[in-house]
There are 4 protein chains.
Amino acid sequence: MDAILAAAAQVFEAHGYAAGTTNRIAIKAGVSIGTLYQYFSSKEAIAVALLEQHIADTGHRLHEWVGHMVVEQHSLSEALNDYVTDMLEMHSRQPRLQHILLEETPIPERVHQALLESERQAAKTVAGLLRLYPEVRQSGLEHTCFVVVQSVESLTHRFAAHPDDEFIPRATFVNEVVTMLLAYLTCEARHE
Amino acid sequence: MDAILAAAAQVFEAHGYAAGTTNRIAIKAGVSIGTLYQYFSSKEAIAVALLEQHIADTGHRLHEWVGHMVVEQHSLSEALNDYVTDMLEMHSRQPRLQHILLEETPIPERVHQALLESERQAAKTVAGLLRLYPEVRQSGLEHTCFVVVQSVESLTHRFAAHPDDEFIPRATFVNEVVTMLLAYLTCEARHE
Amino acid sequence: MDAILAAAAQVFEAHGYAAGTTNRIAIKAGVSIGTLYQYFSSKEAIAVALLEQHIADTGHRLHEWVGHMVVEQHSLSEALNDYVTDMLEMHSRQPRLQHILLEETPIPERVHQALLESERQAAKTVAGLLRLYPEVRQSGLEHTCFVVVQSVESLTHRFAAHPDDEFIPRATFVNEVVTMLLAYLTCEARHE
Amino acid sequence: MDAILAAAAQVFEAHGYAAGTTNRIAIKAGVSIGTLYQYFSSKEAIAVALLEQHIADTGHRLHEWVGHMVVEQHSLSEALNDYVTDMLEMHSRQPRLQHILLEETPIPERVHQALLESERQAAKTVAGLLRLYPEVRQSGLEHTCFVVVQSVESLTHRFAAHPDDEFIPRATFVNEVVTMLLAYLTCEARHE
DNA sequence: GATGAATGAGACTTCATTCAT
DNA sequence: TATGAATGAAGTCTCATTCAT
């Protein structure tokens, strides 16, 4: 039941995994606790379903973004700005949820593998797009894109979870991150 | 009692915040549960103390690193490599602890402010060091350094917590991050 | 519905009374839980119906055995051997069911009385048969037969439920029980 | 805590295993539910402890009886009467408990083996006593005693659980059982 | 009649915290 | 000051039963 998952997302977001009780989820979803357990075999199963949904969701967003960029022929700078802004907005909507699912939930190995795979996939997808930009350094692009994806993921999450608007406004933050990525993608390769 | 905090760090690291019971902490610390409660008024108080210790610790490490760099006159690239390696090593030793303290603990506002302040301080400290390097772009250096600090923090944590060695080995990862920071710090300013 | 009772017998046998859920019974019977409740007002009602069926069944078996013995003119020893073997085989097929019905189900008084009555009846029936054997001591035959019936019931159940084949093989066990009953039925009366 | 075991015995006796809730046990024992779980790791552990206590208890009773008989030089008939009376009295005090522990509790294999062993031991102990009586048939005495022990166990339990005083008074019942055992123990061996 | 999704009381169990010793 | 047995609120999950379709 989607209502249960939606309720669970809100409850986990608000209370964390441990304090996000199945009863609270059921109440928020407007169903009885018994009904909840007819659709999900355990609390963990709910978290896993949520995580899988999140993984799929992130994949879709990324593909949409890539498609959009290809069609619109935005500049590299615009493309990155779009990407960072989109991710920051998404994490701001539910700043805690993703990390709760990733860090507080006992994830089955299967799902853990799916998660790693989806991150590799994301790196490849982004690489596919960036290959179209001539100013982007092509050597080692997949590793570079992996770091790009990780950077965007973790920086936007961090800022969304603990914003420090007084010190650095949101727009400035996005701008800085884009600058960093741009510099990274267009610099000469460094040899250790 | 430092023994209690040390025990708590290990227990939280191993079991998470919710499953890290006060009894387990007391046993690991070699004291009775009663004694534990004579030094800390609640489980939350332990986590907060741990977080404050962590904040102070991180500050010290940063200062030491800066001092070391100033004395040794390392190149910018070497300096960044040092920094990233150090942080990655630290997060690898206790991949979960920092995020447990940051995300699973109900932090009092006072500590939250201290945390933000320490991050601003870190940005300033790093800026102080980097100002010594002529190749570093000086405009907006504090904001830039804030993003640098955040990037190192979050990327090393992420890689330590969920390494994907098959896809990208640790050394390569460090190298890529350094490359990114180097490019970021030395690039021309971008205007939106 | 006989299908429900048959399913209930299997489910109780396999899981016990408490863990023998009405849903499992319904599934095994190939009907929905709603249908089950249209034929039986409660879980307890199913157990009671099963017990009543068991009581009737046991009565029939006994009568058949008696009829058979009368016709075939078996020796007393053969007759007892038949009886014990038959009961042991029956209890081996469903070692738990009878005791579940007797001990784990809250039996209504009416059924409890029917149960006692059926055991008295059984004693009388057996007495009716044994009276035909001249070697059987006739004094106090009904009480004696009551003990005979109880012995066979409880000993065969016990052996079926917790066999100790290593210590005493099944055939030996049957033989010993028959020997005991034979001795009991043909001995001189004892006066206290 | 012995109070908990005593309370558990009463609660199981009164409600059965499934309905004998840990809360009821705790209340009856006059402790909180938390205390109960400090002494027993689970509901099953309580039942197992109770069963082990019962096994030990039965062994002691048997030994005491044997010692008593040897010293007092009672006749075989008196000895058996003592035995049956004692067991009937014991089962009458808690008619359901033993079978609840035996049939409704998920017993670990270790305890199951201990149970079988204790029954073999009982047969041997009884055989040791009966060997002293010249009128007792000596051939196959251990198997015979096994059946004797099983008979007394199961008949007294059955009568205690579902007495039918109207049909056969308790004294008469004991008398009949003793008569049966006496006949069994002193009869000529039967050959199939 | 048949269905089965929904219900919710109540079971077992955990663990932060207290307090008499 | 140190101890640790005792507490009990609160959590996850089960299952007999109902009732709208």
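Here is the naming used below: chain letters follow the sequence lines, and residue numbers restart at 1 for every chain. Predicted model, so just to flag it, every value in this text is computed and none were measured.
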Are C:Arg96 and C:Glu104 close enough for a salt bridge, meaning some N to O gap below 4.0 Å?
no

I want to confirm an ordering. Mapping A:Asn23 and C:Glu44 to their closest nucleotides on DNA chain F, which one lands closer to the 5' end?
A:Asn23

Whichever of C:Thr21 and A:Lys43 has its nearest DNA chain F nucleotide further upstream toward 5':
A:Lys43

Within less than 4.0 Å of OP1 or OP2 of F:dA5, is there a side-chain N or O belonging to D:Tyr39?
no

Complementary nucleotide for F:dT21 - Watson-Crick or wobble, under 3.5 Å
E:dA2

Residue matched to E:dG8 through Watson-Crick or wobble contacts both under 3.5 angstrom:
F:dC15

Of the non-hydrogen atoms in D:Ile4 and D:Leu36, which two are nearest, and what is the gap between them?
CD1-CA, 3.9 Å

For [X] and [N], what is the distance between atoms [atom1] and [atom2] respectively, to the nearest whole Å?
X	N	atom1	atom2	result
A:Ile25	F:dG11	CD1	P	12 Å
D:Leu36	E:dA11	CG	P	14 Å
C:Met1	E:dT3	CE	C1'	13 Å
B:Phe12	E:dC15	CZ	P	13 Å
D:Ile46	E:dC12	CD1	C1'	11 Å
A:Ile33	F:dT12	CD1	C1'	8 Å
B:Ile27	E:dC15	CD1	P	12 Å
C:Tyr37	E:dA5	OH	P	16 Å

I would like to know whether C:Gln98 and C:Glu153 meet side chain to side chain contact (heavy atoms under 4.5 Å, CB included); could you show each step before the answer?
CA-CA 10 Å; C:Gln98 188 182 152; C:Glu153 264 299 317; 2.8 Å; yes

Once you apply a heavy-atom cut-off of 4.0 Å, does B:Thr35 come out as touching a base, just sugar-phosphate, or nothing?
base

Within the structure shown, what part of the strands sits under 4.0 Å from B:Thr22 by heavy-atom distance: base, sugar-phosphate, or nothing?
base

Using the ring of each side chain (for Trp, its six-membered ring), is C:His99 parallel, tilted or perpendicular to C:His157, with breaks at 30° and 60°?
parallel

Starting at the 5' end of DNA chain E, which residue's closest nucleotide do you reach first, B:Ser42 or C:Ser32?
C:Ser32

Relative to the 5' end of DNA chain E, which residue comes earlier, C:Gly34 or B:Ser41, by the nucleotide with the nearest heavy atom?
C:Gly34

Shortest side-chain distance from A:Gln38, nucleotide among E:dA6, E:dA2, E:dT13
E:dA6

Are side-chain heavy atoms of A:His54 and A:Leu50 found at a separation under 4.5 Å?
no

